[in-house]
Amino acid sequence: MQKEQVIIVGAGPSGLAMAACLNHHSIPYIILEREDCIASLWKKYAYDRLHLHLDKQFCVLPHMPFPDSYPRFVSRQQFVSYLDDYVSRFKISPLYRRTVESAEFDGETGKWIVKARNLGSGEVEELEGRFLVVASGETSNPFTPVIEGLNTFPGDVLHSTRFRNGKAFQNQKVLVVGSGNSGMEIAFDLANHGAQTSLVVRSPVHILSRDMIYLGLILVKYIRVNLVDSLMVMLSKLVYGDLSKYGINRPKEGPFFMKAVYGKYPITDIGTCKKIKSQEIRVLPSICSIRGNEVVFENGTTHPFDTIVFCTGFKRSTNVWLKGDDYLLNDDGISKLSFPNHWKGKNGLYCVGLSRRGLYGAASDALNIADDIDSLQ
């Protein structure tokens, strides 16, 4: 059995931030990663045009700034380079291709026992640690909804994690399902590459520009959220007008209120709205069913498609392997606890980056957890 003071599960940005903060306190740790590289979502499963949606000052990890040469909105390639440099600087060496099968607190020894399968050898390895940090990420397992007749669709069906760019889809009829930031950007990319693009928008969404979001993030530190939200909605109306005629409605609750309470991010517009208004992107309501290449929508219309791209988010599997925790994480692997005490569980259990607060939240969690563990040494 391998013994270490802290066991970290996950080597994405959250896990790397946690490792760097422990390193800063000279606290020994081990980090387990199921993929064969750090930050696999960014390295292997992200579309080419992806940029961080927030200004870089809100996305930096602890103890290492972005290079001065980086633009305000960091590209996927730049962020991957930054993470590689981060790993080198803090000498982070994950154990790759380790899938955690169980993690359970032993009340007699006061230690966490973690069993992880080595995907290379097939063997189950056992580790022991006083502290366990869940850093497996909010975007761990791609989710595709169950839709009647999807198995009859003859064309390509892919999750956003398999989409790279729109080049291969020129002149195809492509349906993008999901109107979060990924769905909006992928629809924009497809339209730019000559695809006949349709976008399913099922729920009301707030659409803001990058500068609006930046302004809101600054203002929310000093004035009430409802005042910031009123300003954001007013600016959005001035810039984008009434989008309901195109099939997009605004929620009744404000964008920053929804972010704080539900973890639901506003859409960062990078040009998609313009293409919707010019009808280069068609907005459609929820899907009822699929019959061959024909997709039936809740408004009664039917349209044929060659490809469907699901931008429908992720689920988490923490509840499968984390045993005995009924305090910190819910069944979907997100912290049950309210900010700012959402990162600390019982018996030395912690979570980092699981409160729907993005990279900024993960960095803050890692700093808090490292300080807390240091105080318990």
Side-chain angles (χ1 to χ4, degrees), residues 13-14 51-62 65-66 71-74 138-139 178-185 188 199 201-274 276-277 283 313 330 334-344 351-368:
S14 295
H51 286 65
L52 295 177
H53 292 117
L54 300 182
D55 191 290
K56 65 181 179 182
Q57 75 182 76
F58 300 109
C59 301
V60 67
L61 299 187
F66 285 116
R72 282 180 62 196
F73 298 97
V74 177
E138 295 177 358
T139 53
S179 55
N181 277 303
S182 293
M184 289 284 191
E185 280 202 37
F188 177 77
L199 174 68
V201 179
R202 294 171 292 173
S203 306
V205 293
H206 285 290
I207 298 179
L208 305 174
S209 70
R210 285 171 165 174
D211 287 333
M212 289 178 203
I213 292 175
Y214 176 80
L215 175 62
L217 288 170
I218 298 298
L219 290 178
V220 81
K221 296 178 182 179
Y222 304 104
I223 61 177
R224 296 199 309 271
V225 169
N226 65 318
L227 295 178
V228 176
D229 278 343
S230 295
L231 176 62
M232 294 299 107
V233 171
M234 181 186 73
L235 291 173
S236 180
K237 288 179 178 178
L238 286 172
V239 172
Y240 300 111
D242 180 12
L243 296 175
S244 62
K245 66 183 79 172
Y246 303 102
I248 298 176
N249 296 299
R250 287 188 180 87
K252 293 181 180 179
E253 296 167 312
F256 284 89
F257 175 85
M258 293 181 69
K259 173 66 182 66
V261 175
Y262 310 121
K264 187 175 177 62
Y265 290 84
I267 302 303
T268 305
D269 181 53
I270 43 85
T272 309
C273 276
K274 186 177 180 180
I276 289 171
K277 289 180 176 181
V283 174
N330 63 22
I334 299 297
S335 178
K336 292 180 182 180
L337 307 181
S338 300
F339 174 85
N341 301 309
H342 56 276
W343 47 269
K344 185 174 182 177
C351 68
V352 55
L354 291 172
S355 62
R356 300 194 186 281
R357 295 174 61 239
L359 291 168
Y360 180 83
S364 176
D365 293 348
L367 288 164
N368 286 327

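Since this is a predicted model, take the numbers as computed values, not measurements.
Atom OG of residue S236 and atom CG of residue L231 lie 11.0 Å apart, to the nearest 0.5 angstrom. Between the SG atom of C351 and the CD atom of E138 there is a distance of 9.5 Å, given to the nearest 0.5 Å. Interatomic distance, CG of N181 versus OG1 of T268, reported as 4.5 Å (0.5 Å rounding). Considering CD1 of I276 and OH of Y246, their distance stands at 10.0 Å, rounded to 0.5 Å. Of the inter-residue distances, the one linking T272 atom OG1 with I248 atom CD1 reads 9.0 Å to the nearest 0.5 angstrom. To the nearest 0.5 angstrom, L217 atom CG is 7.5 Å from I213 atom CD1.
A donor-acceptor pair under 3.5 Å is formed between the side chain of Y265 and the backbone N or O of G358. At distances below 3.5 Å, not a single donor-acceptor pair connects side-chain atoms of N249 with backbone N or O atoms of P204. Remark: side-chain polar atoms of S335 are not paired, donor with acceptor, to backbone N or O of L354 under 3.5 angstrom. The backbone N or O of R356 sits less than 3.5 Å from a side-chain atom of K259, completing a donor-acceptor pair. A donor-acceptor pair is defined here as one N or O able to donate and one able to accept, closer than 3.5 Å; no such pair exists between the side chain of E185 and the backbone of I270.
Counting non-hydrogen atoms of neighbouring residues, nucleotides and ligands closer than 6.0 angstrom, the OH atom of Y360 reaches no more than 12 such neighbours. The 12-atom threshold is not exceeded at NZ of K274, counting heavy atoms of other residues, nucleotides or ligands nearer than 6.0 Å.
Across all non-hydrogen atoms, the minimal contact from L367 to P62 is CD2-CB, 3.9 Å. Shown here for L199 and G178, the closest heavy-atom pair between the two residues is CD1-O, 3.4 Å. Residues G353 and D365 share a closest heavy-atom pair of N-OD2, 3.0 Å. The two residues P266 and L208 have their closest heavy-atom pair at CB-CD1, 4.0 Å. Taking every heavy atom of both residues into account, H206 and M258 meet most closely at CD2-SD, 3.8 Å. Minimum heavy-atom separation, S179 to I267: O-CD1, 3.1 Å.
Partners of D269 according to the salt bridge (Lys or Arg N to Asp or Glu O under 4.0 Å) rule, which considers only residues two or more places apart in sequence or in another chain, do not exist here. Partners of K56 by salt bridge (Lys or Arg N to Asp or Glu O under 4.0 Å), not counting sequence neighbours: none found. Taking the side chain to side chain donor-acceptor pair (under 3.5 Å) definition, one finds that N341 meets it with nothing, sequence neighbours left out. Every side chain to side chain contact (heavy atoms under 4.5 Å, CB included) that V225 has, sequence neighbours left out, goes to V220, D229, F256, F257. Remark: T139 engages L41, F314 in a side chain to side chain contact (heavy atoms under 4.5 Å, CB included) (not counting sequence neighbours). Applying the ring-ring contact (aromatic ring centres under 6.0 Å, His included) test to Y240 and every residue at least two apart in sequence or in another chain returns nothing. S338 is linked by a side chain to side chain donor-acceptor pair (under 3.5 Å) to nothing, counting only residues two or more places apart in sequence or in another chain. When the side chain to side chain donor-acceptor pair (under 3.5 Å) test is applied to H51, no partner is found at least two apart in sequence or on another chain. Scored by the ring-ring contact (aromatic ring centres under 6.0 Å, His included) test, H342 finds F339 as partners (sequence neighbours excluded). With sequence neighbours excluded, the residues satisfying side chain to side chain contact (heavy atoms under 4.5 Å, CB included) with L227 are I223, R224. Annotation: side chain to side chain donor-acceptor pair (under 3.5 Å) contacts of D211 (sequence neighbours excluded): R72. Applying the side chain to side chain contact (heavy atoms under 4.5 Å, CB included) criterion to K237, with sequence neighbours excluded, gives V233, R250.
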Go through I218 and F58 one step at a time and tell me if the side-chain contact (heavy atoms from CB on, under 4.5 Å) criterion holds. CA-CA 10 Å; I218 298 298; F58 300 109; 4.0 Å; yes

E253 vs V261, test: side-chain contact (heavy atoms from CB on, under 4.5 Å). Steps then yes/no. CA-CA 10 Å; E253 296 167 312; V261 175; over 6 Å; no

Yes or no on side-chain contact (heavy atoms from CB on, under 4.5 Å) for L235 and L215, after CA distance, side-chain angles and deciding distance? CA-CA 11 Å; L235 291 173; L215 175 62; 4.2 Å; yes

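Looking at heavy atoms from C-beta onward, S209 lies out of side-chain contact with V239 at the 4.5 angstrom threshold. Two residues are said to be in side-chain contact when any heavy atoms from C-beta on lie closer than 4.5 Å; V74 and C59 fail this criterion.
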